[in-house]
Colleague: 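For reference, the structure I am asking about is given below.
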Amino acid sequence: MQLTLEFGGGLELLCQSVKIHNVDVDQAGEEKLTMRHLLSWVRTNLIKERPEMFMKGDTVRPGVLVLVNDCDWELSGQLDTTLDDKDVVVFISTLHGG
Amino acid sequence: MQLTLEFGGGLELLCQSVKIHNVDVDQAGEEKLTMRHLLSWVRTNLIKERPEMFMKGDTVRPGVLVLVNDCDWELSGQLDTTLDDKDVVVFISTLHGG
Amino acid sequence: YLGLEHGLSPEMIYRYSRHLLLPNFGVQGQSNLLKSSILVVGAGGLGSPALLYLAACGVGRLGIVDHDVVELNNLHRQIIHAEAYIGQSKVKSAAAACRAINSSIQIVEHKEALRTSNALEIMSKYDIVVDATDNAPSRYLISDCCVVLGKPLISGAALGLEGQLTVYNHNGGPCYRCLFPTPPPTTACQRCSDSGVLGVVPGVIGCLQALEALKVASAVGEPLSGRMLLFDALSARIRIVKIRGRSLNCEACGENAAFTRQFFQNFDYEKFTQSPLSTTPLKLKL
Amino acid sequence: YLGLEHGLSPEMIYRYSRHLLLPNFGVQGQSNLLKSSILVVGAGGLGSPALLYLAACGVGRLGIVDHDVVELNNLHRQIIHAEAYIGQSKVKSAAAACRAINSSIQIVEHKEALRTSNALEIMSKYDIVVDATDNAPSRYLISDCCVVLGKPLISGAALGLEGQLTVYNHNGGPCYRCLFPTPPPTTACQRCSDSGVLGVVPGVIGCLQALEALKVASAVGEPLSGRMLLFDALSARIRIVKIRGRSLNCEACGENAAFTRQFFQNFDYEKFTQSPLSTTPLKLKL
Ligand SMILES: [Zn+2]
Ligand SMILES: [Zn+2]
């Protein structure tokens with residue numbers, strides 16, 4: 001499944017400072033790809049350092065917003081959100097500076 | 001065909017100051033709806049005053065940008081651009097103020 | 001003479017004439033603005049443009065909170081401060097700049113750090129709060145205090161080459177804790193003084209904070225509540241995304257929230273976020 | 001001591017330290033900026049924040065062109081001008097404000113209207129031009145002159161509650177005439193003085209113009225060339241759209257274009273657009 005993954009707010013530093021990743025994620029026989037599955041795929045395939053800055057337990061660490069097609073994943077079922085081909089998933093760390 | 005039409009840069013004043021119009025445009029038997037057809041539909045159905053501020057001849061007046069799905073219609077064939085269901089067409093007048 | 005009916009003096013009618021001409025703003029919008037009061041917390045990178053535009057546009061009473069002094073390494077982005085004010089209070093410097101461009105509004109100076117001991121008293125005097133601070137504990141403190149007092153919060157942030165903006169606690173929308181119930185690890189909380197910031201990035205976000213504050217104050221337009229703006233300066237990309245609504249389980253604004261004035265005053269924000277409300281910046285070696 | 005190698009003095013290293021810390025900008029970006037020169041045409045609503053941020057961030061030489069004087073009804077949006085400068089030249093006022101925040105850069109005052117008779121001479125002295133004017137003939141004049149001289153143009157506009165921004169004539173991208181070969185009817189060319197403008201709207205666009213100018217000057221990031229930003233303040237919506245490339249048939253920059261220096265100097269922009277390069281604003285009756 002073709003997905004566009006974007007990292008921002010400093011999270012791009014965990015994947016070699018590349019913000020936009022066009023990826024092909026294997027559905028592993030499942031009918032629907034869930035965000036749960038995508039998170040573990042990202043952790044294995046994209047995160048090159050300090051994985052604890054991206055995940056905590058089986059979800060993202062506190063302070064990270066997840067957006068599926070420009071919409072907060074809290075509104076679509078968080079880890080249970082299912083993804084479609086060509087979806088855009090954004091992971092962004094909240095900023096505190098000024 | 002369901003389309004979202006947006007007017008900006010002052011053009012909304014020609015359609016009762018409403019910027020966003022969700023419309024259903026009849027394809028009139030044609031296989032594909034073109035921008036040429038849409039322009040005449042807009043002129044008949046949405047423009048309530050001063051049509052010369054919207055069109056000149058069979059196209060938009062000088063100073064109006066037309067965007068189909070966030071892309072300049074010059075890149076998709078201008079009047080011959082064909083539209084699909086749920087496309088977003090923006091008509092925006094260029095501003096000169098500062 | 002609609003302007004005079006709304007209590008605008010001839011000088012005000014002349015000064016704000018470009019606002020009065022706007023069909024969607026007009027005399028009513030300007031009149032609302034002149035009757036409103038806005039507090040800007042932080043007279044730094046975000047606060048500089050926010051304060052200048054709020055003063056210029058005619059907010060009736062404008063408060064400024066900051067405990068810091070102007071330093072030379074602030075000036076690349078904090079455009080409200082002139083070199084002549086280096087070493088002096090940021091509040092004093094910012095207030096002087098605001099008065100110089102609009103002597104007809106009231107400017108209130110709060111030369112102190114915002115803390116649980118003074119926040120309720122200071123913030124209760126204003127209709128709207130603008131968060132232009134630079135650290136996590138201040139962001140929780142300000143949001144919680146806005147929830148306790150029922151004030152809308154215009155929240156902006158900028159770091160490096162990115163910025164973020166939203167309106168909290170407004171019209172049934174979420175508060176900061178609804179989005180971020182648990183503080184991030186301290187290693188994820190960089191400040192401009194540690195990581196750098198391109199000067200004009202807080203400029204863009206601070207202007208947009210002034211705009212959102214002005215919209216809420218004048219009751220014109222749709223504020224950025226329930227939505228968040230994400231700005232990437234390097235690629236010139238801006239996303240406006242839909243965020244969650246108010247959380248029923250939120251510890252600050254939820255159904256069973258225990259956030260009273262008393263609870264707020266005793267809350268230890270530095271312990272909660274494991275980071276200090278203010279710091280001395282690291283020295284740069286190049 | 002990378003900074004000193006690049007010719008930055010210890011004071012500059014301290015002043016711009018938050019820029020030097022940025023991995024994507026750093027000493028090279030700042031050094032490029034300090035060696036660059038930028039001309040801002042118009043010290044009004046767009047020029048105010050653009051000039052302040054360009055001065056603050058360390059552009060080596062900053063030119064300001066304007067023939068106007070500061071009026072009270074400018075101050076709701078032209079935050080670079082203080083009340084004390086009412087009645088004085090906008091260029092003088094803006095230059096004083098820029099010098100007050102950064103005395104270490106060169107500020108050049110051009111107290112005159114930009115016309116075909118002086119544009120080539122003035123603009124040829126700068127690397128980058130920022131169009132912060134308020135009328136159609138000036139926009140064609142500035143774009144054509146940039147094409148003749150081969151300069152990138154950072155173009156912003158604001159009116160009412162909307163703003164627009166793009167970069168012309170840069171890296172093979174389009175010029176103003178590629179997009180707008182025929183001038184609009186004069187009835188479609190409203191000015192802020194006629195139709196009003198919410199003060200902070202040019203604030204947002206002017207900051208973004210400073211950002212794009214800074215990116216081009218420092219050779220960092222992707223400038224907004226071939227793309228246009230459309231800003232709607234009331235609904236807090238921002239679109240960044242893809243626009244056409246350079247047109248082979250463009251009368252200014254196309255394959256068979258006849259736009260020489262001589263042709264430019266004889267071109268009548270007021271006749272072409274049927275509107276004057278500068279006007280006395282209408283008096284407001286409320
Ligand atoms: Zn909450
Ligand atoms: Zn051209």
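All of these numbers come straight from a predicted model, not from anything done at the bench. Just so it is clear: chains get the letters A, B, ... in the order the sequence lines come, proteins before strands, and each one is counted from 1.
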Colleague: Ion pair present between C/Lys111 and C/Asp66, side-chain N to carboxylate O less than 4.0 angstrom?
Modeller: no

Colleague: Please look at C/Arg244 and chain A and tell me whether the side chain, the backbone, both or neither of the residue comes under 4.5 angstrom of a heavy atom of that chain.
Modeller: both

Colleague: C/Gly44, C/Pro185, C/Pro202, C/Ser138: which one forms the most heavy-atom pairs within less than 4.5 Å of chain A?
Modeller: C/Pro185

Colleague: Of the backbone (N, CA, C, O) and the side chain (C-beta and beyond), which part of A/Lys19 lies under 4.5 Å from a heavy atom of chain C, both, or neither?
Modeller: side chain

Colleague: What closest approach, in Å, do C/Gly63 and C/Leu51 show between heavy atoms, and which atom pair accounts for it?
Modeller: O-CD2, 4.4 Å

Colleague: Parallel, tilted or perpendicular: which fits the ring planes of A/Phe54 and A/Phe7, with parallel below 30° and perpendicular above 60°?
Modeller: tilted

Colleague: Heavy atoms only, distances under 4.5 angstrom: which of A/Glu52, A/Lys56, A/Glu6 has the most pairs with chain C? Name it, please.
Modeller: A/Glu6

Colleague: May I ask you to decide whether C/Lys242 forms a salt bridge with A/Asp70, counting only side-chain N to carboxylate O separations under 4.0 Å?
Modeller: no

Colleague: With a 3.5 Å distance limit and no angle check, can you tell me whether A/Asn22 reaches the backbone of A/Thr4 through a side-chain donor-acceptor pair?
Modeller: no

Colleague: Could you look at C/Asp232 and say if it's the side chain, the backbone, both or neither that has a heavy atom under 4.5 Å from chain A?
Modeller: side chain

Colleague: Under 4.5 Å from any heavy atom of chain A, what part of C/Thr133 do you find: side chain, backbone, both or neither?
Modeller: backbone

Colleague: Is it true that C/Tyr140 and C/Phe180 have ring centroids separated by less than 6.0 Å?
Modeller: no

Colleague: Which atoms of A/Leu13 are under 4.5 Å from chain C, going by heavy atoms: the side chain, the backbone, both sets, or neither?
Modeller: neither

Colleague: Quick one: what part of C/Leu230 sits under 4.5 Å from any heavy atom of chain A, side chain, backbone, both or neither?
Modeller: side chain

Colleague: Applying the side chain to side chain contact (heavy atoms under 4.5 Å, CB included) test to A/Phe91, which of A/Leu65, A/Leu46, A/Leu14, A/Leu11 qualifies?
Modeller: A/Leu11

Colleague: With chain C as the partner, which of A/Val90, A/Asp72, A/Leu75 has the greatest number of non-hydrogen pairs under 4.5 Å?
Modeller: A/Asp72

Colleague: Side chain of C/Arg227, backbone of C/Val241: donor and acceptor closer than 3.5 Å?
Modeller: no

Colleague: Counting only non-hydrogen atoms closer than 4.5 Å, does A/Val88 touch chain C with its backbone (N, CA, C, O), its side chain (CB onward), both, or neither?
Modeller: side chain

Colleague: A/Ile92 versus chain C, heavy atoms under 4.5 Å apart: side chain, backbone, both or neither?
Modeller: side chain

Colleague: With a 4.5 angstrom heavy-atom cut-off, is it the side chain or the backbone of C/Pro183 that approaches chain A, or both, or neither?
Modeller: backbone

